[in-house]
Structure formats: structure tokens, C-alpha cells
Amino acid sequence: MCIAIVTTEHPQYPLIILNNRDEYLHRPTQEAEWWPAPDEQVLGGYDLHRPAHGTWLGITKQGRVAVLTNYREENELLVPGAPSRGLIPNAWLKSDPKTKESTSQFEKRMIEEDGVKGVGGFSLLYGFVQDVVRGTGKGLGIISNRTPDVHGVIRLASQAGETHALSNAAYGDRTWPKVVNGEKWTKEAIAKSVEADESRDELVQRLLDVLSTDTMPSQKENEEWDMYMNQLRHTIFVPSIGRDDLEELKMPAHAIGDTVKQKAAHATDGVYGTQKNIIILVDKVGKVFYFERTLYDKDAKPVEKGSGDRKFEYEVEGW
């Protein structure tokens with residue numbers, strides 16, 4: 001039950017993206033890094049459980065950014081052999097920098113050329129950070145498996161003063177308290193930070209406080225697990241919940257690479273919760289600050305606050 005929040009409210013950082021990755025805690029995940037060749041332009045984490053190594057969030061040296069959220073639909077029917085949803089943001093992030101594929105070309109490739117056919121429910125937020133910061137009017141786009149054609153692409157973050165949240169339902173679904181609260185609390189955090197003339201680190205801490213807000217209802221007596229999982233729509237931060245069977249399974253340390261899928265017993269079962277907090281700040285001159293906080297290690301053990309932090313800074317090429 002991940003959440004992504006994009007805001008253009010801050011005067012110094014015209015684009016801010018917040019993200020919580022919620023996942024089964026012993027599903028192996030690569031920490032944020034510059035990806036290996038031939039995709040060394042991409043910064044972000046990625047899944048190690050499936051050999052596709054799909055991602056949920058990434059940004060490139062050229063300013064491409066993508067955030068994916070999944071959702072399950074009634075009577076969802078997947079086409080046999082359909083690609084992993086994690087490959088959808090990869091398709092944008094891994095686009096050859098030399099070809100300079102535009103957002104409109106990407107949309108046509110994905111929507112009209114069957115790039116998302118048969119894929120399970122998802123929403124992809126994508127675009128160039130330049131289009132947001134410079135106020136070109138293009139902003140960022142959202143496509144999903146429901147997008148009928150390129151004319152149905154949703155646009156947001158096209159001007160200053162916007163804040164939008166997206167979780168595990170179609171964009172615009174206001175029945176999710178975590179979406180509504182995420183927008184409200186982010187706007188409030190930025191307003192307070194600006195008023196107090198806070199430093200970047202102080203701003204990041206405020207945004208981490210938003211991503212760490214736990215309003216998860218307690219499980220009721222005799223409440224079935226599947227029913228209780230529906231309560232995840234209430235909370236931005238998901239505390240570790242579920243069947244704690246790590247000791248029973250004697251989970252080994254996860255190696256990095258494709259072979260991990262053979263070692264990760266029950267990688268999509270057991271304990272579930274918020275695994276990572278991520279914050280991206282882009283300033284007015286194209287400087288990117290990428291912050292990732294890992295909350296659980298590769299054996300699903302809690303990480304001491306701050307010791308799992310990763311920070312990256314760079315300037316978007318050709319700004």
C-alpha cells in the first residue's frame with residue numbers, strides 16, 4: 001500500500017516527491033544506487049526477488065523521473081507472459097539518453113503499442129523534472145492500464161501551488177484517507193518549513209515526519225487478515241504487521257543478484273510494512289537531492305534510525 005506525494009508548493013524546491021515503499025519485509029530489495037551499465041544514468045532502488053529487477057521509483061541524470069503504484073482490480077485478468085509492472089517505470093528511466101525520447105513518444109509507445117496490455121492495475125507518474133521546475137505547462141503525466149489513449153493521460157504539477165497524492169487505487173480516488181491526509185499534511189509541513197526559513201535537512205525531517213505518520217487501526221478480534229489489510233488505506237506509514245515467521249523459516253541472508261529468488265522463501269508472505277522512505281528535492285537551478293531511509297535490513301530486521309540512510313546530490317545534465 002505505497003504512497004507517492006508530489007508537490008510544487010515550496011519556493012526553493014519547485015518539485016518535491018515523497019514516497020513510502022510498503023512491501024513484505026523479507027522481499028529482497030536493492031538499496032538506492034546508480035544502476036550498473038548500460039543503465040548507469042538511473043538512480044534508485046530496485047526489486048531483487050524477480051529477475052526483471054523492476055523498480056517503483058527512480059530518477060535519471062537527464063531529469064527523467066518515474067513513480068509506480070500498483071492496485072488490484074476486481075476480476076483482474078492478466079495476459080500470460082505479460083511483463084512485470086516494475087518494468088513500466090524502467091521503460092521510461094532506461095530510455096536511451098541519446099535518443100532523447102519525449103514524454104509524448106513514451107506515451108504512444110506504452111499506450112498505443114501495447115506496452116501496458118495485460119498488465120495488472122497500476123498508475124505511473126512520470127516526466128521530466130525540467131518541465132515542472134521551469135513551468136513549461138507540461139508538468140508530469142499519469143498513465144495506467146485504464147488510460148484509453150494518449151489523449152486520456154492525466155497531467156499534474158504543471159504550476160506552482162499543487163500537491164497531489166497517489167496510492168494503491170486509481171488516481172483521483174478520494175475515499176483513501178492516506179491520500180487526503182498525505183496531501184494535507186505535506187502542504188502544512190512545507191508551509192511551516194517556509195515560514196521558519198528552515199534548512200534543507202530540517203525540511204527533509206519534516207517530510208519524513210509526514211511519511212512516518214502511523215494511523216493504522218488496530219486489528220479487531222476475529223477480524224480476518226484479508227479484511228484487516230483493507231485498513232491499510234487509512235495510514236501513510238504501515239507498521240510491521242502479519243505473521244512473524246522469520247525464525248521458523250530460518251531465512252538466510254540474501255545475496256545480491258538473480259540467484260536471490262531461489263533463496264527468498266515466502267518473499268511475498270509473512271511480515272508486511274513500510275520498508276523505505278524516499279524524498280526527492282529539485283531546486284530552481286536543476287540540483288537534485290535524493291534521500292532514502294531504509295527501515296529494515298535484508299533479513300527483515302529493524303535498522304537503527306539513520307544508519308540506513310543514503311543521500312545523493314547531482315545536477316541535471318544540460319540544464
Side-chain angles (χ1 to χ4, degrees), residues 1-10 13 15-25 27 29 32 44-45 55-57 65-72 121-125 140 142 156-157 162-193 198 202-219 227-242 271-281 290-296 300 302-303 305-306 308-310:
M1 294 291 173
C2 305
I3 189 168
I5 305 169
V6 57
T7 179
T8 60
E9 304 269 357
H10 199 288
Y13 301 103
L15 175 61
I16 300 176
I17 296 175
L18 292 73
N19 172 254
N20 271 353
R21 173 173 168 81
D22 303 335
E23 186 53 85
Y24 287 97
L25 299 183
R27 180 169 183 147
T29 303
T55 191
W56 66 99
L57 179 149
V65 66
V67 187
L68 178 81
T69 60
N70 295 339
Y71 56 85
R72 188 175 299 279
F122 78 92
S123 293
L124 178 72
L125 176 70
L140 302 177
I142 293 181
L156 49 79
E162 295 185 39
T163 299
H164 305 274
L166 176 65
S167 189
N168 299 94
Y171 175 73
D173 187 339
R174 307 298 292 177
T175 65
W176 285 55
K178 68 188 297 179
V179 168
V180 176
N181 289 334
E183 293 175 352
K184 176 186 176 183
W185 295 339
T186 297
K187 289 170 69 73
E188 291 174 349
I190 290 175
K192 290 177 181 178
S193 183
E198 291 182 337
E202 289 171 325
L203 170 62
V204 167
Q205 184 54 58
R206 279 193 187 270
L207 299 178
L208 282 172
D209 290 343
V210 173
L211 291 176
S212 302
T213 303
D214 176 5
T215 54
M216 182 73 179
S218 299
Q219 189 172 7
M227 292 297 295
Y228 183 54
M229 287 291 279
N230 289 329
Q231 302 296 332
L232 293 176
R233 67 177 56 213
H234 288 273
T235 186
I236 290 175
F237 178 86
V238 180
S240 56
I241 57 176
V271 185
Y272 187 90
T274 297
Q275 182 193 64
K276 293 179 182 292
N277 310 132
I278 300 170
I279 296 170
I280 297 175
L281 308 178
Y290 185 110
F291 175 93
E292 177 189 86
R293 171 164 290 174
T294 297
L295 304 177
Y296 295 88
V303 173
K305 182 180 289 188
D309 293 357
R310 289 197 171 198

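Atoms considered below: every heavy atom in the structure, side chains included; atoms not considered: hydrogens, waters and symmetry mates. Small disclaimer: the values here were computed from a predicted structure and weren't measured.
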Show your reasoning for whether side chain to side chain contact (heavy atoms under 4.5 Å, CB included) applies to L281 and H10.
-> CA-CA 10 Å; L281 308 178; H10 199 288; over 6 Å; no
Step by step, would you call L207 with F291 a side chain to side chain contact (heavy atoms under 4.5 Å, CB included)?
-> CA-CA 11 Å; L207 299 178; F291 175 93; over 6 Å; no
Pair V6-L125, side chain to side chain contact (heavy atoms under 4.5 Å, CB included): steps then yes or no | CA-CA 9 Å; V6 57; L125 176 70; 4.2 Å; yes
Report the C-alpha distance between I241 and Q219 in whole Å, list the side-chain angles of each, state the deciding distance to 0.1 Å, and finish with yes or no for side chain to side chain contact (heavy atoms under 4.5 Å, CB included).
-> CA-CA 10 Å; I241 57 176; Q219 189 172 7; over 6 Å; no
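Side-chain atoms of N168 come within 3.5 Å of backbone atoms of C2 as a donor-acceptor pair (strictly under, hydrogens ignored). T8 contributes a side-chain N or O that, together with a main-chain N or O of E162, makes up a donor-acceptor pair within less than 3.5 Å. Side-chain N or O atoms of T7 include none that pairs as donor or acceptor with a backbone N or O of I17 at under 3.5 Å. Of the possible donor and acceptor atoms, none in the side chain of N181 sits under 3.5 Å from a partner among the backbone N and O of I236. Looking at T69, its side chain does come within 3.5 Å of a backbone N or O of S167 through a donor-acceptor pair. The backbone N or O of M216 lies less than 3.5 Å from a partner atom in the side chain of D214, making a donor-acceptor pair. Of the possible polar contacts, one joining the T55 side chain to the L57 backbone as a donor-acceptor pair under 3.5 Å is found.
In terms of heavy atoms, F237 sits closest to S212 at CB-C, 3.6 Å. Minimum interatomic distance between Y24 and Y272 (heavy atoms only, all atoms of both residues): N-CD1, 3.6 Å. Between G45 and Y290, the shortest heavy-atom contact is N-OH, 4.2 Å. The minimum heavy-atom distance linking Y296 with T274 is given by the pair CE1-O, 3.4 Å. Taking both residues in full, the closest heavy atoms of A300 and L25 are given as CB-O, 3.4 Å, listed atom of the first, atom of the second, then distance. Contact between A66 and L124 at its shortest, heavy atoms only, is CB-CD1, 4.1 Å.
Screening L18, L211, N19 for a side chain to side chain contact (heavy atoms under 4.5 Å, CB included) with I278, the sole residue that qualifies is N19. Of the residues listed (K184, K187, E9), the one engaging T163 in a side chain to side chain donor-acceptor pair (under 3.5 Å) is E9, and it is the only one. Applying the side chain to side chain contact (heavy atoms under 4.5 Å, CB included) test between E202 and each of Q205, R206, E198 identifies E198 as the sole match.
For the residue pair K178/T235, the side-chain donor-acceptor check at 3.5 Å is not satisfied.
Here the OG atom belonging to S240 is positioned 10.5 Å from the CG atom belonging to L295, to the nearest 0.5 angstrom. Atom CG of L156 and atom OH of Y171 lie 5.0 Å apart (nearest 0.5 Å). Between atom CG of residue N20 and atom CH2 of residue W56 there is a gap of 11.5 Å, rounded to the nearest 0.5 Å. The structure places OG of S123 at 6.5 Å from CD1 of I142, a figure rounded to the nearest 0.5 Å. Between R310 atom CZ and T294 atom OG1 the span is 7.0 Å, to the nearest 0.5 Å. Put simply, CD1 on I3 and CD on E183 are 8.0 Å apart, with the number rounded to the nearest 0.5 Å.
Classification of R21 and E292 as a salt-bridged pair fails, no side-chain N sitting under 4.0 Å from a carboxylate O.
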